[in-house]
Each structure stands twice: as C-alpha cells, then as structure tokens.
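These notes are about the structure you will find just below.
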Amino acid sequence: MKAIHFGAGSIGRGFIGEVLHKNNIETTFVDAYDKVIDQINADKGYAIRYLDEANTEHWIDNVMAMHINDPAISEVINNSQLLTTAIGVPNLEKIAPIIKAGILERNAQKPLVVIANENVMYATNILKEAIKNVSEPDEWQEIEKNTLFLNSAIDRQASTIDENGKLLPVVEPFFEWVIEKDANFNQLQHVKYVENMEYYIKRKLFIVNATHAAFAYIGNVFSYRTIQDAMDDQRIVGLVTNIINENMQIFVNEYGDDINELRDYFNSILERFGNKKLNDSVKRVGRNPRRKLSKDERIISPIRSLFELGLPYANSLKLVVSALLFRDENDDEANYIEKIIEENGIDEAVPHLLALPEELLDEIISEYKVVVEDTNLLLD
Ligand SMILES: NC(=O)C1=CN([C@@H]2O[C@H](COP(=O)(O)OP(=O)(O)OC[C@H]3O[C@@H](n4cnc5c(N)ncnc54)[C@H](O)[C@@H]3O)[C@@H](O)[C@H]2O)C=CC1
Ligand SMILES: O=P(O)(O)OC[C@H]1O[C@](O)(CO)[C@@H](O)[C@@H]1O
C-alpha cells in the first residue's frame with residue numbers, strides 16, 4: 001500500500017509515519033518546511049527516538065518528502081490508497097484545495113481513504129467540509145463517490161529536537177491510534193478500530209488533553225518551565241486531579257463508565273506525562289490558547305456538559321482562568337487574549353472570548369479577579 005501524509009512534524013513522523021512503516025506502507029510526506037523535506041530525501045529515511053530507559057532509536061525508511069507547492073502532489077495522491085494528516089487544525093482548510101485537485105485527478109479503481117489526525121472533535125469531518133467548500137457541486141459528487149472519510153483519535157506525546165543538525169522526533173513509547181470502523185478499511189496493524197468514535201475522541205480531549213492543558217496553564221501561572229516541573233508540585237497535581245475528577249463524571253453519566261476504571265486511566269496518563277525525559281515545555285503544550293478555549297474544545301466543552309448535566313464544575317473554571325493568564329510572546333493567540341483583556345478589562349473580555357452561559361462567565365470573572373490579586377488562591 002502507498003500513503004501520502006500531510007505534516008512531517010512531531011506526530012507526522014514520530015507517530016503516523018512509524019505506524020505506516022510498521023505496516024510496510026510506502027509513505028510520501030508533504031510539508032512546507034524545506035529543512036525536514038531535504039533531510040528525509042537526503043537520508044532516504046529518518047530516525048525517531050523513544051524516551052524509554054535505553055533511548056531506543058528506530059529507523060523509518062521507505063519514505064520520501066515533497067513541498068506543499070509541488071505540482072506532483074496530485075500524482076502521488078493518484079498512486080496512494082491512503083491519505084493522512086497531522087498538520088494542525090487551522091491548516092486543514094489550507095491543504096483542502098490541494099487534496100481536492102488530487103482526488104479529482106485520481107483514476108484509481110479503489111476509493112482513497114482519508115484520515116485527519118488532529119486534536120479536535122471529528123478532524124476528518126472538518127477536512128471533508130473544507131474540501132466540500134472549495135468544490136463545485138459536480139466535483140463534490142465525484143469526490144464523495146471516490147473517497148472514504150474516516151475519523152480518528154490519536155494519543156502519543158511527541159516533540160522534535162534539533163540534534164546534530166537533524167530534526168529528530170522524540171516520543172514516549174505509548175501510542176494509541178483509534179480509527180472509525182469500516183468494513184472497507186480494516187487492514188492496518190497497531191490500530192484500534194471502533195464504532196463509537198465520539199466516545200474515544202471525547203475521552204482523548206476531555207481526559208488526556210485536558211490533563212495536559214491543565215498542567216501547562218496552571219504550571220505557567222506558577223512559572224514552571226516544563227510539564228514535568230509542574231507535576232513535581234503536589235498542589236498543582238491536586239488541582240489537576242480535581243479538574244479531571246469533574247470531567248470523569250461526564251463519562252460516568254453519559255456512557256455509564258466505571259469510575260475506578262476512569263481513575264486508573266487518569267493515573268496511567270499521570271505516569272506518562274511525568275516521564276522526565278520528555279522535558280516538555282508548558283509553552284508547547286499550552287500553545288494556541290484561543291483554540292483550546294473554543295466552544296467544542298478540551299476546556300470549555302466539558303464545562304458545558306457538566307453545566308447541562310447539573311454536575312460540579314468549580315475546579316474546571318480555575319482551568320479557564322489559568323488559560324486566560326497564559327503568556328507566551330511567541331504565541332499569537334496568547335498575545336490576542338492578553339490584548340483583549342488589557343484593552344477591554346476582564347468583565348468585557350470574558351464574554352467576548354468564551355462561549356459559556358452568562359452565569360458561568362460571571363463566576364470566571366470573579367475567580368480571575370481573585371487570582372490576579374494572589375495566584376496562590378488558585379490552589380485553595
Ligand atoms: N505533538 C503531539 O504530541 C500531539 C499532536 N497532536 C496533533 O497532531 C497535529 C500535529 O501536531 P505536531 O506534530 O505536534 O505539530 P508540528 O508543528 O510538530 O508539525 C506540523 C507540521 O505541519 C507542517 N505544516 C503546517 N502548516 C502546513 C501547511 N499549510 N502546508 C504544509 N505543511 C504544513 C509544519 O511545517 C510541521 O512540520 C496537531 O493537530 C496536534 O494537535 C495530537 C496528539 C499528540
Ligand atoms: O496543542 P495541541 O496541538 O492540541 O496538542 C497539545 C498536546 O496534546 C497532546 O496530544 C496530549 O495532551 C500532546 O502530546 C500535545 O502536545
């Protein structure tokens with residue numbers, strides 16, 4: 001099988017690329033970053049490093065790379081059976097016209113399978129909609145006929161270091177790639193096929209990503225540099241546990257999950273995130289706070305569910321306040337939030353920034369005012 005993958009970053013090379021390699025799939029990476037493209041092509045492969053005891057390295061070959069502006073992308077799409085992405089949600093609409101053109105030029109017998117792998121609810125549906133938006137009705141009819149769009153949830157911590165001039169993905173040993181079950185695409189090994197995709201995406205966002213975001217934003221309030229430093233502060237671990245205990249109730253109430261199994265799942269996540277070798281900065285994990293504070297995302301969406309279900313959410317509001325206080329001068333979204341608060345004051349900024357019922361907005365404003373006076377009160 002041949003695949004084309006958009007986004008040769010940490011997850012693209014450090015996770016998707018590795019699983020495709022284990023399945024003997026020949027993969028072409030597409031990226032906008034010349035350095036990574038040149039490296040893959042010059043070395044005819046790339047290394048990934050596991051952050052395990054021995055720092056095991058794995059060599060991924062049977063790969064090549066091309067630039068996003070390369071007109072030959074259509075030909076590669078034509079020769080591929082699988083198209084995957086791990087490029088960042090906002091970039092899906094940028095690559096949609098390229099994918100559209102490729103699918104329309106495709107003359108293969110079998111439909112192309114498309115799987116977008118991004119931290120968001122139903123990433124593939126977002127990509128599908130973006131492709132539809134740039135297509136004429138007759139083109140879209142053709143595309144729908146020849147494409148199988150499958151949603152996914154991905155879980156692995158991956159980042160990239162520059163070592164001896166090489167961009168090296170460093171990853172935790174753990175990974176989970178969950179894909180929507182479909183009788184026409186079930187041949188990949190090292191993948192979990194499921195029917196109830198919504199459950200798995202929510203579990204990833206509301207437990208794994210929410211835990212990570214909480215350590216990043218609360219850690220940042222207390223000036224910790226890395227997630228692992230923040231996790232050494234038991235007061236922060238206590239608050240994050242309280243936040244996630246609230247989120248777990250959604251799974252108990254909506255899906256009938258066993259609370260003890262959820263606690264075990266959370267503890268396994270703490271163990272993964274605590275891996276000191278990750279040395280993962282709160283700035284990387286907290287990146288794009290505006291996206292993370294949006295309506296259907298890891299922080300606001302669980303609060304909306306808790307509110308609707310009549311369940312406690314007080315600790316989760318502290319996470320919102322911490323996210324509003326996230327500062328990183330290199331992050332446009334953090335700068336935007338800071339500017340809106342500075343220019344309008346917190347009372348006006350909060351309703352502008354957050355899609356929550358008024359009652360909750362008032363509680364967030366009060367909590368914010370308390371915390372800016374004395375950050376330690378966040379942990380009370
Ligand atoms: N890093 C992680 O541990 C995890 C990341 N994810 C998700 O995976 C996705 C990718 O994340 P990372 O790999 O961490 O990001 P990254 O920044 O390391 O990689 C993204 C890659 O996409 C490329 N890119 C961006 N815009 C492009 C465009 N318009 N055309 C061509 N190439 C473009 C960049 O040059 C970069 O190489 C995100 O949606 C993230 O939420 C999900 C689970 C874990
Ligand atoms: O900012 P993003 O792209 O949503 O990703 C944030 C983080 O989510 C994780 O998937 C798990 O929380 C990380 O490994 C990743 O760095």
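Starting from 1, each residue takes its place in the sequence as its number. Just so you know, ligand 1 is whichever comes first in the structure, and atom 1 is the first atom listed for that ligand.
- Numbered from 1 in the order shown, with element, the atoms of ligand 1 that lie under 4.0 Å from a heavy atom of Gly88 read 9 (C), 38 (C), 39 (O).
- Protein heavy atom at the shortest distance from atom 25 (C) of ligand 1 is Asn91 ND2, 3.5 Å.
- Counting heavy atoms from C-beta on, the side chains of Leu167 and Arg13 come closer than 4.5 Å.
- A salt bridge does not link Asp332 with Lys339: every distance from a Lys NZ or Arg NE/NH1/NH2 to an Asp or Glu carboxylate oxygen is 4.0 Å or more.
- The protein heavy-atom contact nearest to atom 1 (N) of ligand 1 is Ala158 O, 2.9 Å.
- We find that Arg203 and Asp257 are not joined by a salt bridge, their nearest charged nitrogen and carboxylate oxygen being 4.0 Å or further apart.
- Val282 approaches Phe215 most closely through the heavy-atom pair CG1-O, 4.2 Å.
- Counting all heavy atoms, side chain and backbone alike, Glu297 lies closest to Asn119 at OE2-O, 3.2 Å.
- By the 4.5 Å heavy-atom criterion applied to side chains, Val321 and Tyr217 are not counted as neighbours.
- For atom 44 (C) of ligand 1, the choice among Lys94, His212, Arg13, Arg156 with the nearest heavy atom turns out to be Arg156.
- Ranking the protein heavy atoms by distance from atom 20 (C) of ligand 1 puts Ala86 O, 4.0 Å first.
- Using the six-membered ring where Trp is involved, Trp177 and Phe15 have ring planes that are perpendicular, over 60° apart on the 30 and 60° scheme.
- A salt bridge is defined here as a Lys NZ or Arg NE, NH1 or NH2 lying under 4.0 Å from an Asp or Glu carboxylate O, and Lys145 with Glu142 meets this definition.
- Distance from atom 12 (O) of ligand 2 to its nearest protein heavy atom, with residue and atom name: His212 ND1, 2.7 Å.
- Contact annotation: for Asp155 versus ligand 1, there are no heavy atoms closer than 4.0 Å.
- In Arg156, the part holding a heavy atom less than 4.0 Å from any atom of ligand 2 is the backbone.
- The distance criterion of under 3.5 Å between nitrogen or oxygen atoms is met by Ala32 with respect to ligand 1.
- Here the protein heavy atom with the shortest distance to atom 4 (C) of ligand 1 is Ile11 CG1, 3.1 Å.
- Considering only non-hydrogen protein atoms, atom 19 (O) of ligand 1 sits nearest to Gly9 CA, 3.2 Å.
- Neither the backbone nor the side chain of Glu176 has a heavy atom within less than 4.0 Å of ligand 1.
- Nearest protein heavy-atom contact of atom 21 (C) of ligand 1 is Asp31 OD2, 3.6 Å.
- Classification of the Tyr50-His58 ring pair by plane angle, with boundaries at 30° and 60°, yields tilted.
- Counting heavy atoms from C-beta outward, Glu246 and Phe206 have side chains that stay 4.5 Å or more apart.
- Neither the backbone nor the side chain of Glu172 has a heavy atom within less than 4.0 Å of ligand 2.
- Atom-to-atom distance recorded for Glu271:CD and Phe174:CZ is 11.5 Å, nearest 0.5 angstrom.
- At the shortest separation from atom 38 (C) of ligand 1 among protein heavy atoms lies Glu118 OE1, 3.4 Å.
- Counting heavy atoms under 4.0 Å from ligand 1, residue Gln157 touches it through the backbone alone.
- Counting only non-hydrogen atoms, the option in Asn119, Ile87, Asp34 that gets closest to atom 24 (N) of ligand 1 is Ile87.
- Atom 18 (O) of ligand 1 has its nearest heavy-atom neighbour, among Ala153, Ser10, Gly7, in Ser10.
- Ion pairing between a basic and an acidic side chain is recognised when a charged N comes within 4.0 Å of a carboxylate O; Glu176 and Lys204 show no such pairing.
- Counting heavy atoms under 4.0 Å from ligand 2, residue Asn209 touches it through both backbone and side chain.
- Using a 4.5 Å cut-off on side-chain heavy atoms (C-beta onward), Lys132 and Lys100 make no contact.
- Ligand 1 is approached by Ile154 to a heavy-atom distance shorter than 4.0 Å.
- Hydrophobic clustering places Val36 together with Phe29 (ILVMFWY residues linked when any side-chain heavy atoms are closer than 4.5 Å, directly or through intermediates).
- Each of Leu317, Thr211, Leu319 was checked for a side-chain contact (heavy atoms from CB on, under 4.5 Å) with Ile243, and the lone residue meeting it is Leu319.
- Near Arg284, with a cut-off below 4.0 Å to any heavy atom, the atoms of ligand 2 are 14 (O), 15 (C), 16 (O).
- Note: no N/O pair closer than 3.5 Å links Lys204 and ligand 1 by distance alone.
- In this structure, CD1 in Ile143 is found 4.0 Å from CG in Leu104, a value given to the nearest 0.5 Å.
- Considering Asn119, Ile11, Thr211, Ile227 only, the shortest heavy-atom separation from atom 5 (O) of ligand 2 involves Asn119.
- Atom 3 (O) of ligand 2 has its nearest heavy-atom neighbour, among Lys292, Arg287, Glu297, Gln157, in Arg287.
- Checked against a 3.5 angstrom limit, the closest N/O atoms of Arg287 and ligand 1 fall inside it.
- Interface atoms of ligand 2 facing Arg291, defined by a heavy-atom separation under 4.0 Å, are 1 (O), 2 (P), 3 (O), 4 (O).
- Of all the atoms in ligand 2, the ones that sit under 4.0 Å from a non-hydrogen atom of Arg298 are 4 (O), 6 (C).
- The closest approach between a heavy atom of Asn117 and any atom of ligand 1 is below 4.0 Å.
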